[in-house]
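In what follows, chains carry the letters A, B, and so on, assigned in the order in which the sequence lines appear, proteins first and then strands, with residues in each chain numbered from 1.
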4 protein chains.
Amino acid sequence: MSPSAGSRAAGAQRTRQSLLAAAAQVFVEQGVQAPIRDIAGRAGVGLGTVYRHFPSRAELVVAVYRHQVDECAQLAADLAGSPRPGEALERWMDAFVEFLVTKHGLGAALQSEDPGLQSLHSLMLDTLVPACASLLDAAAARGELDPDVTAYTLMRAVGNLCILGPGYDREHARAMVSRLLAGCRTTMPPDGPAAA
Amino acid sequence: MSPSAGSRAAGAQRTRQSLLAAAAQVFVEQGVQAPIRDIAGRAGVGLGTVYRHFPSRAELVVAVYRHQVDECAQLAADLAGSPRPGEALERWMDAFVEFLVTKHGLGAALQSEDPGLQSLHSLMLDTLVPACASLLDAAAARGELDPDVTAYTLMRAVGNLCILGPGYDREHARAMVSRLLAGCRTTMPPDGPAAA
Amino acid sequence: MSPSAGSRAAGAQRTRQSLLAAAAQVFVEQGVQAPIRDIAGRAGVGLGTVYRHFPSRAELVVAVYRHQVDECAQLAADLAGSPRPGEALERWMDAFVEFLVTKHGLGAALQSEDPGLQSLHSLMLDTLVPACASLLDAAAARGELDPDVTAYTLMRAVGNLCILGPGYDREHARAMVSRLLAGCRTTMPPDGPAAA
Amino acid sequence: MSPSAGSRAAGAQRTRQSLLAAAAQVFVEQGVQAPIRDIAGRAGVGLGTVYRHFPSRAELVVAVYRHQVDECAQLAADLAGSPRPGEALERWMDAFVEFLVTKHGLGAALQSEDPGLQSLHSLMLDTLVPACASLLDAAAARGELDPDVTAYTLMRAVGNLCILGPGYDREHARAMVSRLLAGCRTTMPPDGPAAA
DNA sequence: TATGAATGAGCATTCATTCAT
DNA sequence: GATGAATGAATGCTCATTCAT
C-alpha cells in the first residue's frame with residue numbers, strides 16, 4: 001500500500017514476536033491461564049495490542065506452541081524410514097518430552113476443557129498424532145512394539161507424564177516415559193487393556 | 001459450659017460432614033478450584049460456615065481426600081505380606097487408579113503449584129508413599145520390580161496418568177498405568193534413568 | 001434462621017431500596033445503559049452488592065419500573081367501568097404519559113434491542129397492554145374511538161412520543177399524545193392504515 | 001502545487017463518498033453508535049482516513065444525512081404553492097416518514113443527548129423546520145390545520161413515532177403519523193395543550 | 001494523504017474474604 | 001457457631017483515538 005507499509009508491517013511482526021516470547025515466558029511461570037495483562041506487560045505493549053494480534057487466548061496459546069509442534073512433526077518425518085524403528089521411536093519421544101517439559105503449562109493446557117483450547121488439541125492431534133503413529137506402526141511391524149498401542153493414547157499419556165512439579169522434574173518425567181515405552185514393547189495379558 | 005454444648009458440637013460435626021460430602025461432589029463436577037459458594041450451597045450451609053470449618057481451600061481439599069487416602073494406605077498394609085508381591089502391587093495400583101480417576105480434578109490438584117495445596121502433597125506423601133514403598137520393596141526383593149523405581153516418582157507418574165480428558169478415559173488411564181508398571185519390572189539400560 | 005436473620009434481611013431490604021432509588025436517579029441522568037459502577041456509587045454500596053441484588057442489568061431496570069407499571073395497570077382497572085370511556089382513556093393516557101416522561105430513558109429502553117431487556121417489554125406488554133386494551137375496547141364500543149386502533153401499537157407510539165429532548169419537553173409530549181388520541185377517534189380513510 | 005494535486009483531491013473526494021455510503025449502510029445495520037472501525041472496513045479504507053475526513057462521529061452522522069435532508073427540504077419547496085395545502089402536508093410527511101424509517105437509528109440519534117450530535121439537530125432544524133413550517137402555515141391559513149401546531153414540535157414527534165422496533169414497523173409508524181396529523185387538524189380544547 | 005499498529009481508559013463480571021448480627 | 005450481605009481486587013474485553021511511517 002503506502003511506501004511505509006513495509007516498515008510498519010515489520011514493526012508489527014516484531015511486536016508479534018515479542019508477544020510470543022513474552023507469552024511463552026509467562027505461560028511457563030503462571031500457566032496458560034495467566035492474565036492477558038501480564039503478557040502485555042511482559043512484552044512491554046498495551047493490552048489492546050495483545051488482542052489485536054491474538055483475538056482469543058487460545059490463538060495465542062496455539063501460536064506459542066505451533067512452531068515447536070511443527071519441528072516435532074518434522075523430526076518424526078526424518079526418523080520415519082529408520083532401519084531401527086524402536087530406536088527411532090525412542091529418539092522421537094525424547095524430543096517430544098523435551099518439548100513438553102520445556103513448555104511448562106502445556107501439559108495442563110492440553111488437558112483443559114476450555115472449548116476455545118480445542119484448537120490446541122487439534123493442532124497436536126492433526127500434526128503430531130499422525131507423526132507419532134507412523135513411528136509406532138514401523139516399530140510394531142518389526143515386532144518392537146505392541147500393535148495395540150494407539151498413538152493418541154500414548155501421546156496423551158506422555159503428555160501427562162510431562163506435567164512436572166516439586167520432586168518430579170524433567171529427569172523423572174524422562175524416566176517414567178522410558179518405562180512406559182518399555183511397557184509398550186510387550187503385549188499385555190488378555191484380561192488387561194487390549195486397546196491401549 | 002451450656003447444657004447444650006454437646007449437641008452443639010454434634011451439630012458442628014454434622015455440618016462438617018455435609019461440607020465434606022458436598023465438596024467431594026463439587027470437586028468431581030468442577031474441579032478443586034470450584035467457587036466456595038457452590039460448595040456452601042450444595043451443603044445447604046452459609047458461606048461463612050465453610051470458612052469456619054476450613055479456613056483455606058487447601059484444608060478443605062485435604063480433608064475431602066484424607067479418608068480415601070487412609071483407605072488406600074490401609075489396603076497397602078493388608079497387601080503387605082502377600083506371597084506374590086508383584087501381584088499385590090498391581091492390585092494396589094488398581095485401587096489407587098480408581099481413587100484418582102474417580103476424583104476428577106485431584107490429579108490436577110496434585111500438580112497445582114498453589115503453596116496452600118502443599119498440604120495435600122504432604123498428605124499423599126506421608127501416608128501413601130510409605131504404603132506404596134513397602135509394596136515396591138517387597139516386589140523388588142523378589143526381583144519382580146526394578147529396585148531403582150521410587151515410590152514417590154511412581155505415584156506422581158500414576159497420578160498424572162490419571163488426569164482424564166476427551167478421548168482419554170478411565171480405561172485408557174488403567175492401560176497406561178499397567179504398561180508403566182510393566183516397564184518398571186525390568187532394569188533400564190545404564191545410560192537411561194538410573195534413579196527413577 | 002438465626003435470631004438476627006431478621007435485621008440482616010431488613011438491612012438487605014434497605015440496601016435494595018437504596019439501589020432502586022439510585023438506579024432510578026442514574027437512569028434519568030444517563031439512561032438505562034449507565035455504568036453499574038455509577039449506580040453502586042450513587043447508592044453508596046460496593047459493586048458486588050448491585051450484582052447480588054440484581055444479577056443482570058435488565059433485572060434492575062425491570063425492578064425500577066415495575067412498581068409504577070403496576071400502579072398504571074391498577075388505574076386502568078379503576079377506570080374500566082367508567083360511563084364515559086373516552087374521557088377515561090384520556091385520563092389514563094395522562095397518567096401513562098406522566099409515568100413515561102418522569103422516567104427519562106425508559107422510552108429508549110423500551111426501544112432497545114438488548115435481548116436481556118425483553119423482560120421489560122414483557123412487563124409492559126403483559127400488564128399494560130391488556131389494561132389499555134380494556135379502555136380502548138370500551139371507548140370503541142361507544143363509538144368514541146376507531147376500533148382499528150390497537151393497544152400495543154398505540155402504547156408503543158405514545159411511548160415514543162414521550163422520549164423527550166431539548167426543545168421537546170413534557171408539555172410537548174402531552175400535547176402530541178392528545179392529538180394522536182384525537183386522531184384515533186375518527187376512522188381513517190380506506191387507503192390509509194386500516195390496522196393501526 | 002504538484003501536478004497531481006487535482007487528481008489527489010479527486011481521490012480524496014471519492015474516498016469521502018465511499019465513507020458516506022459505507023456509514024449509511026452501517027448506520028442502518030448497527031445504528032449511529034456503530035464502531036468507527038466497522039465503517040472504515042466497509043468503505044475499504046484505513047481507520048485514520050475516517051478521522052481525517054470526519055474528525056468526530058457527529059460530523060459523519062450529519063454528513064450522511066445531509067443529502068437526504070436537503071432533498072426533503074426541496075420537496076417542501078416544490079409543494080409549497082400547492083392549491084391543497086392539507087394534502088401537500090400529508091405528502092410531505094409521507095416522504096419525511098420514509099426518510100426517517102429508512103434510516104434505522106436516525107430517530108434514536110435525533111434523541112441522543114450527545115452534545116456532538118447537536119449539529120444533527122441543527123441541520124434538521126435549520127433546513128427542515130422552515131420547510132415544514134411553510135407547509136403548516138399554508139394549511140393553517142386554509143383552516144386545514146390547527147394554527148397552534150408548531151413545526152419543530154410536530155417534526156420531533158414524527159421523528160419519535162418513526163423509531164421502529166419489534167411489533168412496531170414502518171406501517172405502524174405511518175399509521176400513527178397519519179393519526180397524529182389528523183389530530184392536528186382540529187383545534188384542541190382550551191384546557192388542553194394550547195401551544196403544541 | 002492514507003494507513004493501521006498501538007494505546008489505554010472504561011465497563012462488565014466473578015469470586016474470595018470479612019464481619020456484624 | 002452459623003449466617004449471608006457487603007466488599008473490592010482481579011480480570012476479560014471493547015473501542016475511541018493518536019501518531020509514526
request  = Could you say whether A:Val50 or D:Val45 is positioned toward the 5' end of DNA chain E, judged by the nucleotide with the nearest heavy atom to each?
outcome  = D:Val45
key: Shortest non-hydrogen contact between B:Ala40 and B:Gly46, atoms and distance   = CB-O, 3.8 Å
query = Does the D:Arg57 side chain pair with the main chain of D:Pro35, one donor and one acceptor, at a distance under 3.5 Å?
reply = no
ask   = Considering only F:dA6, F:dG1, E:dA6, which nucleotide approaches the side chain of C:Thr15 most closely?
value = F:dA6
remark   = Between A:Ala43 and A:Ser18 the two heavy atoms that sit nearest each other are CB-O, 4.0 Å
ask   = For F:dA5, does OP1 or OP2 lie under 4.0 Å from any side-chain N or O of C:Arg52?
value = yes
query = Is any side-chain N or O of B:His53 closer than 4.0 Å to OP1 or OP2 of F:dG1?
reply = no
request  = Give the C-alpha distance, both sets of side-chain angles, the deciding distance and a yes or no for side-chain contact (heavy atoms from CB on, under 4.5 Å) between C:Leu60 and C:Leu20.
outcome  = CA-CA 7 Å; C:Leu60 178 54; C:Leu20 287 174; 4.2 Å; yes
key: Length of the line joining C:Ile39:CD1 and E:dT13:P, which is rounded to integer Å   = 12 Å
task = For DNA chain F, just give me the dot-bracket, please: Watson-Crick or G-U, both distances below 3.5 Å, ( ) intra-strand, [ ] crossing earlier pairs, | paired with another strand, . unpaired.
result = .||||||||||||||||||||
query = Going by the side chain to side chain donor-acceptor pair (under 3.5 Å) test, which pairs reach into residues 35-55 of chain B, not counting sequence neighbours?
reply = B:Gln25-B:Arg42, B:Glu29-B:Arg42, B:Gln30-B:Asp38
query = Whole-Å distance between E:dA12 C1' and C:Glu59 CD?
reply = 15 Å
inquiry  = How many whole angstroms separate atom CZ of B:Phe54 from atom P of F:dA2?
reply    = 11 Å
message = Between C:Arg16 and C:Phe54, is the side-chain contact (heavy atoms from CB on, under 4.5 Å) condition met? List the steps.
response = CA-CA 9 Å; C:Arg16 187 187 166 89; C:Phe54 307 99; 3.6 Å; yes
request  = Using a cut-off of strictly less than 4.0 Å, decide whether A:Ser7 has a side-chain nitrogen or oxygen near OP1 or OP2 of F:dA20.
outcome  = no
ask   = Shortest non-hydrogen contact from A:Ile39 to A:Ala22?
value = O-CB, 3.9 Å
ask   = Starting at CG of C:Leu60 and ending at P of E:dA12, how long is that distance when rounded to a whole Å?
value = 11 Å
remark   = C:Ala23 and C:Val64 have their tightest heavy-atom pair at CB-CG2, 3.8 Å
remark   = On a heavy-atom basis, the closest approach of C:Val32 and C:Phe27 is CA-CD2, 3.7 Å
task = Look at D:Thr49 and E:dT3 and indicate whether a side-chain polar atom (N or O) is within less than 4.0 Å of OP1 or OP2.
result = yes
Could you pull out the protein-nucleic contacts involving nucleotides 15-18 of chain E (nitrogen or oxygen on both sides, under 3.5 Å)?
{"unit_1": "E:dA16", "atom_1": "OP1", "unit_2": "B:Arg57", "atom_2": "NH2", "d": "3.0"}
{"unit_1": "E:dA16", "atom_1": "OP2", "unit_2": "B:Ile36", "atom_2": "N", "d": "3.1"}

